[in-house]
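Since the structure comes first, as structure tokens, the remarks are kept for the end.
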Amino acid sequence: MTHRIHRDVYHALIVGLMKGNLIMWQRFTERARRVVFFAQEEAGRLGENYVSTEHLLMGLIREEDTVSSRILGHIGISLEHIRREIERHATLGGGRRGQDTQLTPSATRVIDLAYDEARQLSNNHIGTEHLLLGLIREGEGLAGRVLAEAGVTLERVREEVVRLQETDPCIEPMSDLEKAVAQALAQTVPKSEQDTHIQLLQQRIEADAAGWRKKSVLTLFDISAAQIRAVLDVAAGLKKYDLARQKSLYWAYPRTLALLFEKPSLRTRVSFEVSMAHLQGQAIYLAPGDVGLGTREAVPDVAEALARWVDIIAARVFEHETIEELAANSSIPVINALSDREHPIQAFADLLTLEEQKGTLGNNLKLAYIGDGNNVLNALLLACAKMGVHCTAACPEGYLPNSRYIAEAHRIGQETGARIELLVDPAAAVAGADAVYTDVWASMGQESEKESRSQIFAPYQINTELMHHAKPDAIVLHCLPAHRGEEVSADIMAQHRTVVFDQAENRLHTQKALLVLILGL
């Protein structure tokens, strides 16, 4: 049985663990979650479409201030030596980035053993130290062999874990987000106030003043500023209770969502699946090979059949015309989860992140986008224009966004006061920006152009030199996956990693808000 890589709330986790046991997922510390995400990245870097024990170990030693790295240092083990040994023995696969990544049975066993170690130590969390113990106990994978050859023993590591926990109960540094969550938990909203907030949120959803009910999301051309505002407000309300693990909303009657994917995805798939789980609904994933959309079966037939079974469809497709055809032949709402023309649901998460970091949208905020004029930028132009956010984009000649989106953003900007500019010079675009946004230079399906694009886009990398032109407190945004050393330098990605993963987390909250606004409660 395989398990797909999953992100819970704000970092990567595993979907399907313990057959969907959310309590298990919630026990992972932020650092442990990041290990799983880093492992997925390491697997992709090595060309593999699966995560095995060696990838988990590489993810485990990627950050030097985790408990596991400190323990290895205490017992005289060099992280660099471990890294070299893994690199020396690991095989290179032929997988492509973006393909659905799965855990091997041995990696799944590591997670199970980590859980068992936490239980034996009477810990109510699963941290990097437990993952290290799980890797040692599994033993048969490459990671276990490398650790054994380096002299790492189960007994010695257990001793170090116990010693650290006895001398320092808070042995792993807390991130800013974890501190905020801890503060929220320490100042738990009284039950009566919780109920009031939930009731107000429920009333707002049921009132549907913005007109979301049964509406499809094909393009932001069709979405008003009031509707965007409703999504952001409901998402913020849902997020508040998610982070504090307090009472939230769910459907009285379980709804069903069909995830119809021509392109695989980590964030889109998992954020929708977790949204449905939180709302006590059901997501049904239809992988690229399951349906044969438009080849094995006609798009209108797929749309009509799904409409007989499920309540809503989210489709991630190659051609935008496929989304339009699905919606035209479906009696239920359809959400564009990405097409070659536009990525509207990403824009909702981007706006929520910008508002969390910089305050009320509008208010003379400036977002600068640097790189390819792709579907992400098309959506951003409309989203920023409608919400009064100045948006300046720098793209190489010949790689501008769709002209219809440029014209519509200019038109809307004249009404809302948003300045929309398209430039060639990245430094000029970034000047005075509150947020600097980038995306990969070669999207899925453009692999053959990767080499030529790398040369053309080289001057458009987000790096320290370019960020000097932005405001001193400017944030960096990236819709992920990130190719460090290409569209963004490794140091800038590391510096702004928390915000980037907040942005990824917000896919969960904004998509959950979309689902309840469209389907009601």
Side-chain angles (χ1 to χ4, degrees), residues 210-211 215 217-232 320-321 323-324 336 338-355 358-439 441 443 456-457 459-460 462 466 469-471 474-475 477 479 510:
K215 183 178 179 63
V217 184
L218 309 184
T219 170
L220 291 182
F221 275 93
D222 303 333
I223 306 301
S224 69
Q227 288 172 332
I228 295 174
R229 183 73 265 162
V231 170
L232 300 183
H320 189 79
E321 289 76 14
I323 282 284
E324 294 176 334
N336 178 0
L338 178 139
S339 69
D340 61 344
R341 192 183 302 171
E342 191 175 332
H343 200 353
I345 58 173
Q346 179 64 54
F348 291 123
D350 299 339
L351 291 176
L352 181 59
T353 308
L354 186 61
E355 187 160 74
K358 295 297 180 180
T360 305
L361 298 179
N363 200 26
N364 217 30
L365 284 176
K366 176 181 176 179
L367 182 148
Y369 178 96
I370 310 298
D372 187 25
N374 59 14
N375 48 7
V376 170
L377 179 53
N378 286 338
L380 272 176
L381 288 173
L382 296 186
C384 287
K386 292 188 177 193
M387 301 311 291
V389 176
H390 305 317
C391 183
T392 302
C395 309
E397 293 183 5
Y399 293 88
L400 290 174
N402 185 293
S403 59
R404 286 186 61 236
Y405 287 82
I406 298 173
E408 181 67 0
H410 277 302
R411 186 192 69 76
I412 297 168
Q414 291 175 354
E415 299 175 356
T416 63
R419 292 193 308 273
I420 306 298
E421 298 178 283
L422 275 297
L423 307 175
V424 174
D425 181 8
V430 168
D434 297 282
V436 181
Y437 197 133
T438 190
D439 190 10
W441 292 338
S443 299
I456 294 169
F457 283 90
Y460 291 80
I462 306 298
L466 186 63
H469 297 279
K471 288 183 179 178
I475 60 172
L477 298 175
C479 56
T510 52

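Here, residue 1 is the first one in the sequence, and each next residue gets the next number.
When all heavy atoms are compared, the tightest approach of Pro401 to Ile406 is O-CD1, 3.6 Å. The two residues Val424 and Glu397 have their closest heavy-atom pair at CG2-CG, 4.0 Å. Across all non-hydrogen atoms, the minimal contact from Leu382 to Ala409 is CD2-N, 4.0 Å. Considering all non-hydrogen atoms of both residues, Asn402 and Asn378 come closest at N-OD1, 3.0 Å. Considering all non-hydrogen atoms of both residues, Trp441 and Phe457 come closest at CZ2-O, 3.2 Å. Nearest heavy atoms, Glu342 versus Ala379: CG-CB, 3.8 Å.
Looking at heavy atoms from C-beta onward, Thr510 lies out of side-chain contact with Ile345 at the 4.5 angstrom threshold. Ile223 has its side chain out of reach of Val231: every pair of non-hydrogen atoms, C-beta onward, lies at least 4.5 Å apart. Using a 4.5 Å heavy-atom cutoff, the side chains of Arg419 and Asn364 are in contact. Side-chain contact between Lys215 and Gln227 is present, with heavy atoms from C-beta onward closer than 4.5 Å. Within the 4.5 Å cutoff, the side chain of Ser443 has no heavy atoms near those of the Val376 side chain. Between His390 and Asp434 the shortest side-chain heavy-atom distance does not fall below 4.5 Å. Residues Ile420 and Leu381 meet the side-chain proximity criterion, which asks for heavy atoms closer than 4.5 Å.
Screening Glu321, Glu324, His320 for a side chain to side chain contact (heavy atoms under 4.5 Å, CB included) with Ser339, the sole residue that qualifies is His320.
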Evaluate side chain to side chain contact (heavy atoms under 4.5 Å, CB included) for Leu477 paired with Leu367, printing each intermediate quantity in order. CA-CA 10 Å; Leu477 298 175; Leu367 182 148; 4.3 Å; yes
Worked verdict on Asp372 versus Asp439 for side chain to side chain contact (heavy atoms under 4.5 Å, CB included): CA-CA 7 Å; Asp372 187 25; Asp439 190 10; over 6 Å; no
Starting from the C-alpha separation in whole Å, work towards a yes-or-no answer on side chain to side chain contact (heavy atoms under 4.5 Å, CB included) for Leu354 and Cys384. CA-CA 11 Å; Leu354 186 61; Cys384 287; 5.7 Å; no
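For Phe348, there are no ring pair (Phe, Tyr, Trp, His ring centres under 6.0 Å) partners, not counting sequence neighbours.
For the atom pair CD1 of Ile370 and CG of Leu423, the computed distance is 8.5 Å after rounding to the nearest 0.5 Å. Summarising the geometry, atom CE belonging to Met387 is positioned 13.0 Å from atom CG belonging to Asp350; distances are rounded to the nearest 0.5 Å. With rounding to the nearest 0.5 Å, the separation of CG in Leu220 from OH in Tyr405 is 7.5 Å.
Side-chain atoms of Asn363 never come within 3.5 Å of backbone atoms of Leu365 as a donor-acceptor pair (strictly under, hydrogens ignored). No donor-acceptor distance shorter than 3.5 angstrom exists from the side chain of Asn336 to the backbone of Thr219, with no hydrogens or angles considered. Judged by distance alone, the side chain of Thr416 and the main-chain N or O of Lys386 form no donor-acceptor pair under 3.5 Å. Remark: side-chain polar atoms of Lys358 are not paired, donor with acceptor, to backbone N or O of Ala435 under 3.5 angstrom.
Using a 30° and 60° split on the angle between ring planes, Tyr437 and Tyr369 fall in the tilted class, from 30° to 60°.
A salt bridge does not link Glu421 to Lys366: none of the charged side-chain nitrogens sits closer than 4.0 Å to a carboxylate oxygen.
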